Asker: 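If you scroll down you'll find the structure; I have some questions about it.
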Amino acid sequence: MSRGLRQLLLWGFGLLRWLIWVVALGFLLLEARELTAQRQLTQITVFAVLFLVASFQLSTARFLVTGPDAGEAPTVLQSALAMFAASLFSVLDGALDQIFVLLPAGAAGSAAPLLHLLNWAVNLVCMVLALASIELFLATLRRLIARF
């Protein structure tokens with residue numbers, strides 16, 4: 001790999017790292033707003049994206065096992081498992097949102113704030129897992145690219 005391409009990739013991963021944090025913060029803010037609007041399109045999209053990233057990470061781990069960088073495979077596998085868990089929390093978030101939609105107005109009563117807090121906590125866990133996974137994965141990719 002040429003030195004220029006390697007530097008561009010390393011710079012790009014650094015920029016991507018910060019952009020992912022900005023997107024995650026934006027998502028949490030949007031999710032807080034959507035709790036009142038109950039729109040489900042983002043739930044499906046987030047689940048699909050997280051699941052696809054987990055699949056890519058798992059494929060990368062499988063590839064690394066067979067190569068000279070097999071020592072990095074467990075880290076990438078850990079990253080893939082965290083991303084897969086994040087996608088499951090995204091599904092749980094969608095299920096909780098659907099429960100809110102199905103409840104008659106005022107049926108939750110005094111439990112409504114607690115349910116909304118639970119929903120936000122599920123989103124927070126989802127984002128923390130996804131961000132931790134991406135941080136771990138990008139750090140591993142940076143190490144691998146630096147070796148070329």
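Owing to the predicted nature of the structure, the values given are computational and were not obtained by experimental measurement.
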Asker: To the nearest 0.5 angstrom, please state how far the OG1 atom of Thr75 sits from the CG atom of Asp69.
Answerer: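 Taking OG1 in Thr75 and CG in Asp69, the distance rounds to 11.5 Å.
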Asker: If you round to the nearest 0.5 Å, how far is CZ of Phe137 from CG of Leu77?
Answerer: 11.5 Å
Asker: So which atom in Cys126 and which in Ala86 form the shortest heavy-atom distance, rounded to 0.1 Å?
Answerer: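 Looking at all heavy atoms of both residues, the closest pair is SG-O, 3.2 Å.
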Asker: Does Phe63 share a hydrophobic cluster with Leu52, counting links as ILVMFWY side-chain heavy atoms below 4.5 Å and allowing steps through other members?
Answerer: no
Asker: Among the clusters formed by ILVMFWY side chains lying less than 4.5 Å apart, do Leu131 and Val76 turn up in the same one?
Answerer: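 Shared cluster, yes.
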Asker: Given Arg147 and Glu72, is the side-chain contact (heavy atoms from CB on, under 4.5 Å) satisfied, shown in steps?
Answerer: CA-CA 12 Å; Arg147 289 182 198 163; Glu72 298 286 357; 2.8 Å; yes
Asker: Return the CG to CG distance between Leu124 and Asn119, rounded to the nearest 0.5 Å.
Answerer: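 These two atoms lie 11.5 Å from each other.
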Asker: Heavy-atom count around Phe13 CZ within 6.0 Å, excluding the residue itself: above 12?
Answerer: yes
Asker: Arg143 and Thr140: side-chain donor and acceptor closer than 3.5 Å?
Answerer: yes
Asker: So, taking the atom named CH2 in Trp21 and the one named CZ in Arg17, what distance separates them when rounded to the nearest 0.5 Å?
Answerer: 8.0 Å
Asker: To the nearest 0.5 Å, what is the distance between CG (Leu129) and CG (Leu50)?
Answerer: 9.5 Å
Asker: Is there a path of hydrophobic side-chain contacts, each under 4.5 Å between heavy atoms, that joins Trp11 and Leu138?
Answerer: no
Asker: Give a yes or no on whether the backbone of Ser133 and the side-chain of Ser79 come within a donor-acceptor separation of less than 3.5 Å.
Answerer: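 Indeed, once roles are kept as given, a pair shorter than 3.5 Å links the two residues.
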Asker: Any side-chain heavy atom of Phe47 within less than 4.5 Å of one from Asp93?
Answerer: no
Asker: To the nearest 0.5 Å, what is the distance between CG (Leu15) and CG (Leu10)?
Answerer: 13.0 Å
Asker: Which pair of non-hydrogen atoms, one from Ser87 and one from Phe84, has the smallest distance, and what is that distance?
Answerer: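 Shortest heavy-atom separation between Ser87 and Phe84 comes out as OG-O, 2.6 Å.
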Asker: Hydrophobic clustering (ILVMFWY, side-chain heavy atoms < 4.5 Å, transitive) - are Leu144 and Phe56 grouped together?
Answerer: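 Per the 4.5 Å side-chain linkage, Phe56 and Leu144 are co-clustered.
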Asker: Can you confirm whether Arg62 sits close enough to Gln57 that some side-chain heavy atom of one is under 4.5 Å from a side-chain heavy atom of the other?
Answerer: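 No - every pair of side-chain heavy atoms lies 4.5 Å or more apart.
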Asker: Linking I/L/V/M/F/W/Y whenever any side-chain heavy atoms sit under 4.5 Å apart, do Val53 and Met127 land together?
Answerer: yes
Asker: For Phe89, is the CZ atom crowded, meaning more than 12 foreign heavy atoms sit under 6.0 Å from it?
Answerer: no
